[in-house]
Amino acid sequence: MERRQFRAPRGIRDVLPEEIPAWRLLEETARGLAHLRGYREIRPALLEEVELFTRSVGEVTDIVQKEMFTLQKGESALALRPEGTAGIVRAYLEAGYASAAPLQRLFHIGPMFRYERPQKGRERMFTQFDVEVLGSLDARLDAEVIFLAAAFFESVAIKVKAPGFRIARGELEVRMNSMGDGDDRNTWKDAVRSFLAPTMAEHCELCRARFERNVLRVLDCKNPRCKELNAGAPAILEYLSAENRAHFERVQEYLRVLGLPVVIDSSIVRGLDYYTRTVFEVHAPALGARSALCGGGRYDHLIAELGGPDLGAVGFAVGFTSTLLLFNELKKIDPKETVFDEGPALVFVVSAGEGLESDVFRLAEDLRKNEISAVYDVEQRSLKAQMKLAGKGGHRYAVVVGGDELARGSVQLKDLEDGTQHELARVELVARLRAGGV
RNA sequence: GUGAGUGUAGCUCAGUCGGUAAGAGCACCAGAUUGUGGUUCUGGGGGUCGGGGGUUCGAAUCCCCUCACUCACCCCA
């Protein structure tokens, strides 16, 4: 029988204790900002029917065609969710909010799964901060969620243990566009197609493939020659209906009210089918090719598409992996150094001599009972070795339990930072530790 | 799915033209007057050189296959 070393599946990583402070930084910041704006946390299912995603995300998208982790159990074809919106809308409808209380500000933090080749900033299991406002067409909500997305990055930055650290202007860029809706979107798409068709032979190979699969993708090709050929392509903004144009302008106006600068970027074409009208991305140019930290937009017909009334909705998702990457890239801070770093136990209980296991054990639990974190050695090490462990472990205090002291009803309390040590009555220990002195 | 690169100790890596080189640093463990950490000194444990096959008197080193990881592309958080 061969013993083998198991590894986490490809593209899936463990978050180890060392990284937890950084993760809590992201999670707690997200929660705080969301709660301030009246968003409530929702935790939808991780598994959904495959069809939920083919219907919402779109049959011909990469996500559905090749990136879903699927399971077949009995009658049902299930998939680990590749994104959050579809499941949240499904839960919203299933809970009956659509008729009882249509306007719902919701958020969720949790893992998503996509079966693709892992690389920097891209994993098969990744965590997103999802924000969704369901049940309204009001342009203020577009601006509200865009602002919330931007606020997230700024807010994370200042909670890092680096005095005065801010995300500087230029390190982040909010780009937005409108994709129109229904008729104007289709006529625009057709216009783009007929504009490109004559020169398609001169485009790069990739673009020729894009032309077939998703024409709009041709527009943001980075190839210089393609860029030339794309110049003068029909802009969606010229095709917007009066209503959609007005909406787009209102969103910009509300963002001005909040003082958030955005750049209008007509090349932003979100990959999922359900987007309508406002689409936006938050980019960190410093990250180069993989610069999108956040993507979102309106999806005004998804609720109806999934069997509910025709209510508007808008939302976004922030990737935690890319956010962490950004903070590393900026090299100004270590995302692990955050206010959420709780550090090691305050006290290391040391035994000076043999046969004191029970006394050490009892003392440690006594401290814990009094809300003082404590640990102890379980290897029967020498006093010296225990002191070494206590020092290495970064504990603030060592409490030495010895035979002599035991007889006197006392212990030795040593401050490992300044090296001072005093003997004190056992009954005074908790009070002394709480007062923070030796 | 496509392309490229890398696999040597727990970690980061060095190993020359194939020839007693299985190595360093860090980490770990134990000592340096018998109940006290961080610095220093000394000693020690630990590797089937990713796996399999081949060439050769001889392979960590050359060839083939395979697996894993990384990066990039498509696409995307």
Side-chain angles (χ1 to χ4, degrees), chain A residues 2 4-11 13 26 57-58 60-67 81-85 109-131 149 152 204-207 209-210 213-214 217 220-223 268-272 281-284 287-296 316-326 348 350-354 356 377 379 381-406 412-421 423:
Chain A
E2 168 211 8
R4 70 186 185 94
Q5 190 63 243
F6 286 97
R7 309 176 50 101
R10 159 172 278 199
R13 293 187 328 145
L26 300 180
V57 171
V60 299
T61 56
D62 274 10
I63 288 184
V64 164
Q65 287 191 334
K66 51 182 205 187
E67 295 177 3
R81 60 185 188 189
E83 59 101 48
T85 306
I109 298 168
M112 307 293 162
F113 303 83
R114 291 187 198 172
Y115 187 84
E116 38 181 357
R117 207 68 174 264
Q119 67 185 67
K120 196 180 184 109
R122 186 167 76 183
E123 298 162 308
R124 286 184 173 183
M125 171 176 156
F126 56 98
T127 299
Q128 285 188 335
F129 170 35
D130 251 292
V131 168
F152 173 74
C204 67
E205 200 178 330
L206 243 61
C207 277
R210 289 180 178 123
R213 288 195 47 207
N214 187 349
R217 285 273 159 218
D220 57 8
C221 182
K222 297 149 232 149
N223 182 307
I268 290 188
V269 183
R270 307 249 71 227
L272 315 186
E281 294 174 355
V282 178
H283 282 260
L287 293 184
R290 186 67 191 75
S291 72
L293 297 166
C294 163
F316 67 80
V318 170
F320 274 17
T321 311
S322 36
T323 305
L324 254 16
L325 217 54
L326 170 70
F348 192 102
V350 169
S351 66
E354 289 169 17
L356 298 170
D377 170 58
E379 305 282 332
R381 289 172 218 259
S382 67
L383 173 58
K384 187 189 183 77
Q386 290 179 70
M387 290 304 293
K388 207 167 177 176
L389 262 192
K392 280 257 160 61
H395 306 282
R396 176 69 196 275
Y397 300 105
V399 170
V400 183
V401 176
D404 299 346
E405 288 86 347
L406 220 50
Q412 298 283 345
L413 175 60
K414 179 166 190 173
D415 184 330
L416 293 169
E417 275 175 24
D418 61 23
T420 57
Q421 175 172 335
E423 181 166 349

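Here is the naming used below: chain letters follow the sequence lines, and residue numbers restart at 1 for every chain.
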For this session: In whole angstrom, give me the gap between the P atoms of B:G5 and B:C63.
Result: 13 Å

Seminar exercise, completed: A:Phe113 CZ to B:A77 P, in whole Å, measures 17 Å

For this session: Quick one: closest heavy-atom pair of A:Glu83 and A:Met112, and the distance?
Result: C-SD, 3.5 Å

Exercise. Is there a donor-acceptor pair under 3.5 Å between the side chain of A:Arg81 and the backbone N or O of A:Pro111?
Worked result: yes

Mind listing the N/O atom pairs, protein and nucleotides 1-10 of chain B, below 3.5 Å?
unit_1 : atom_1 : unit_2   : atom_2 : d
B:U2   : O4     : A:Arg117 : NH1    : 2.6

Exercise. Any Lys/Arg nitrogen of A:Arg124 or A:Glu116 sitting under 4.0 Å from an Asp/Glu carboxylate oxygen of the other?
Worked result: no

For this session: Check whether any side-chain heavy atom of A:Phe152 sits under 4.5 Å from a side-chain heavy atom of A:Leu26, and report yes or no.
Result: yes

Exercise. Are the ring of A:Phe126 and the six-membered base ring of B:A77 within the stacking cut-offs of under 5.5 Å and under 30°?
Worked result: yes

Exercise. Looking at the angle O4'-C1'-N9-C4 for a purine or O4'-C1'-N1-C2 for a pyrimidine, is B:A68 syn or anti, with syn meaning within 90° of 0?
Worked result: anti

Exercise. With a 4.5 Å limit on heavy-atom distance, are the side chains of A:Thr61 and A:Gln65 in contact?
Worked result: no

Problem set entry | For B:A14, the Watson-Crick or wobble partner whose two distances fall under 3.5 Å | none

Problem set entry | Same-atom distance (P) from B:A27 to B:U70, integer angstrom | 27 Å

Problem set entry | Nucleotide opposite B:A68 in a Watson-Crick or G-U pair, distances under 3.5 Å | B:U6

For this session: Please state whether the phosphate of B:A77, meaning OP1 or OP2, lies under 4.0 angstrom from any side-chain nitrogen or oxygen of A:Gln128.
Result: no

For this session: Please state how far atom CD in A:Gln119 lies from atom C1' in B:A77, giving the value in whole angstrom units.
Result: 12 Å

For this session: Provide, to the nearest angstrom, the distance between the CZ atom belonging to A:Arg10 and the C1' atom belonging to B:C67.
Result: 10 Å

Problem set entry | Pairwise C1' distance, B:U66 and B:A14 [rounded to whole Å] | 27 Å

Exercise. If pairing requires Watson-Crick or G-U wobble contacts with both distances under 3.5 Å, which nucleotide is the partner of B:G58?
Worked result: none

Problem set entry | Counter-base of B:G47, judged by Watson-Crick or G-U geometry with both distances under 3.5 Å | none

Exercise. Touch check for A:Glu83, heavy atoms < 4.0 angstrom, all strands: base, sugar-phosphate only, or nothing?
Worked result: nothing

Exercise. Side chains of A:Arg114 and A:Glu123: closer than 4.5 Å at any heavy-atom pair?
Worked result: no

For this session: May I ask which nucleotide in the shown strands pairs with B:A30, Watson-Crick or G-U wobble, both distances under 3.5 Å?
Result: B:U42

Exercise. For B:G1, which nucleotide is its Watson-Crick or G-U wobble mate, given both distances must be under 3.5 Å?
Worked result: B:C73

For this session: Could you say whether A:Arg13 or A:Ile63 is positioned toward the 5' end of RNA chain B, judged by the nucleotide with the nearest heavy atom to each?
Result: A:Arg13

Problem set entry | A:Gln65 CD to B:C76 C1', straight-line distance once rounded to whole Å | 15 Å

For this session: Taking atom P in both B:A77 and B:U6, compute the distance separating them and give it to the nearest angstrom.
Result: 33 Å

Seminar exercise, completed: Here the distance between atom C1' of B:A68 and atom CZ of A:Arg124, to the nearest Å, is 13 Å

Exercise. Quick one: is B:A68 close enough that its OP1 or OP2 comes under 4.0 Å of any side-chain N or O from A:Arg7?
Worked result: no

For this session: Work out which heavy atom in A:Leu325 is nearest to a heavy atom in A:Lys120; give both atom names and the distance.
Result: CD2-CG, 4.1 Å

For this session: Using the P atom as the reference point in each nucleotide, state the distance between B:C71 and B:C13 in Å, no decimals.
Result: 14 Å

For this session: Could you encode protein contacts along nucleotides 32-44 of chain B as a string, one character per nucleotide from 5' to 3', using B for base contact, S for sugar-phosphate-only contact and - for no contact, with a heavy-atom cut-off of under 4.0 Å?
Result: ---BBBB------

Exercise. With no hydrogens and no angle check, is any side-chain donor or acceptor of A:Asp377 less than 3.5 Å from a backbone partner on A:Arg381?
Worked result: yes

Exercise. Does any non-hydrogen side-chain atom of A:Val399 lie less than 4.5 Å from one of A:Phe348?
Worked result: no

Exercise. Do A:Gln128 and A:Ile109 touch side chain to side chain, with heavy atoms closer than 4.5 Å?
Worked result: no

For this session: Would you confirm whether A:Gln386, through its side chain, and A:Ser351, through its main-chain N or O, come within 3.5 Å as a donor-acceptor pair?
Result: yes

For this session: Please state the C1' separation for the pair B:U48 and B:G52 - nearest whole angstrom.
Result: 13 Å

Exercise. Rounded to the Å, how far apart are A:Leu206 CG and B:A72 C1'?
Worked result: 13 Å

Problem set entry | Distance between P atoms of B:G23 and B:G15 (Å, rounded) | 16 Å

For this session: Using the C1' atom on both, measure B:G25 against B:G18 and round to a whole Å.
Result: 28 Å

For this session: Please confirm whether the backbone N or O of A:Leu416 pairs with a side-chain atom of A:Arg396, one donor and one acceptor, at under 3.5 Å?
Result: no

Exercise. Atom CG of A:Leu293 and atom C1' of B:A77: how far apart are they, to the nearest Å?
Worked result: 9 Å

Problem set entry | d(CD, A:Glu67; C1', B:C74) in whole Å | 10 Å

